[in-house]
Amino acid sequence: FLEGLTATHEGSGFLQLEKLGLTSINEGPRGAPENEGRGLRAVHPVIRTNPVTGWKGVFVNGGFTKRINELSKDESDAVLAYLYSLFSLNHDLQVRFRWGKNDIALWDNRSSFHAATQDFDADEYVRVGERATSLGERPFFDPESQSRRKALGIALPPARRAHLQSLASGKASS
């Protein structure tokens with residue numbers, strides 16, 4: 001259902017932080033050559049292909065994704081809320097990083113989501129970070145790309161297999 005759909009992403013939070021004097025906007029180019037100026041808006045596929053692994057994955061983020069363009073506002077809001085809940089409620093999909101002195105954390109935004117958690121005493125500690133962004137490709141979807149599970153030959157969990165079999169046989173329960 002999601003393959004082939006696009007979503008609008010906006011970095012309006014950065015503009016708000018700039019108004020408060022907490023950051024400044026690099027007017028570019030930032031990453032891809034067309035990513036410059038003050039307009040922090042882009043349209044990307046909802047399902048994108050990672051160019052390194054060839055795996056497809058969901059490419060939405062609660063802080064940036066404003067809507068799925070091909071759906072009505074109500075449909076888009078419902079689908080995005082469901083996708084965000086998958087990320088936040090499935091702790092097996094999460095990494096919790098507890099910072100220590102001189103620690104460095106790196107991740108690939110093409111295949112992961114990140115969020116700062118205020119889990120420290122702000123009166124005693126100051127959170128300081130530097131963001132480094134490489135020149136990236138424009139997100140794309142290759143219809144021939146596979147999921148990580150399929151590419152690695154990982155079987156579906158038994159409950160999921162049973163559910164799909166019940167759907168196929170028309171005996172699904174609500």
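Numbering of residues begins at 1 and proceeds along the displayed sequence. Computed from a prediction, not measured in an experiment: that's the story for all the values here.
Contact detail for Pro51 and Arg110: the closest heavy-atom pair is CG-NH1, 3.3 Å. The two atoms that bring Pro139 and Pro45 nearest to each other are O-CD, 3.6 Å, heavy atoms only. Among all heavy-atom pairs drawn from Ser147 and Trp55, the shortest one is O-CD1, 4.3 Å. Taking both residues in full, the closest heavy atoms of Asn90 and Leu86 are given as ND2-O, 2.8 Å, listed atom of the first, atom of the second, then distance. Contact record, Ile47 with Glu3: CG1-N, 3.9 Å, taken as the closest heavy-atom pair.
By the rule that hydrophobic residues join a cluster once side-chain heavy atoms approach within less than 4.5 Å of another member, Tyr84 and Leu5 end up as members of one cluster. Leu20 and Phe14 sit in two unconnected hydrophobic clusters of ILVMFWY residues. Membership requires side-chain heavy atoms under 4.5 Å apart, directly or through other members.
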Check the pair Leu40 / Ile25 against side-chain contact (heavy atoms from CB on, under 4.5 Å), numbers first and verdict last.
CA-CA 9 Å; Leu40 305 177; Ile25 303 297; 4.0 Å; yes
Any chance you could lay out the side-chain contact (heavy atoms from CB on, under 4.5 Å) test for Phe87 and Val60, step after step, and finish with the verdict?
CA-CA 10 Å; Phe87 308 140; Val60 297; 4.0 Å; yes
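Taking the side chain as every heavy atom from C-beta outward, Arg48 and Glu137 approach each other to under 4.5 Å. When side chains are defined from C-beta on, Asp103 does not count as touching Lys101, because their heavy atoms never get closer than 4.5 Å. A heavy-atom distance below 4.5 Å is found between the side chains of Arg148 and Ile154.
Annotation: Lys150, atom NZ; neighbour count of heavy atoms from other residues, nucleotides and ligands within 6.0 Å does not exceed 12. With a 6.0 Å radius and a threshold of 12 heavy atoms from other residues, nucleotides or ligands, Glu27 has its CD atom above the threshold. Environment of CZ in Arg38: crowded, with over 12 heavy atoms of neighbouring residues, nucleotides or ligands closer than 6.0 Å.
Residues meeting the side chain to side chain contact (heavy atoms under 4.5 Å, CB included) test with Leu164, sequence neighbours left out: Leu156, Arg160, Leu167.
Taking CG from Leu15 and CD from Glu10, the interatomic distance works out to 9.5 Å, rounded to the nearest 0.5 Å. Atom OG1 of Thr23 and atom CG of Leu17 lie 6.5 Å apart (nearest 0.5 Å). How far CG of Asp74 is from CZ of Arg67: 9.5 Å, rounded to the nearest 0.5 Å. Distance check, rounded to the nearest 0.5 Å: CG of Asn26 to CD of Glu36 gives 10.0 Å.
No donor-acceptor pair closer than 3.5 Å links the side chain of Thr65 to the backbone N or O of Gly62. Although no hydrogens or angles enter the test, the distance criterion places no donor-acceptor pair under 3.5 Å between the side chain of Ser145 and the main chain of Thr49.
Note on ring orientation: taking the six-membered ring where Trp is involved, the planes of His9 and Phe59 are tilted (angle from 30° to 60°).
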Please output the side-chain donor-acceptor pairs of residues 76-83 that fall under 3.5 Å, not counting sequence neighbours, one pair per line with the distance.
{"from": "Ser76", "atom 1": "OG", "to": "Ile68", "atom 2": "N", "distance (Å)": "2.7"}
{"from": "Asp77", "atom 1": "OD2", "to": "Lys73", "atom 2": "NZ", "distance (Å)": "2.7"}

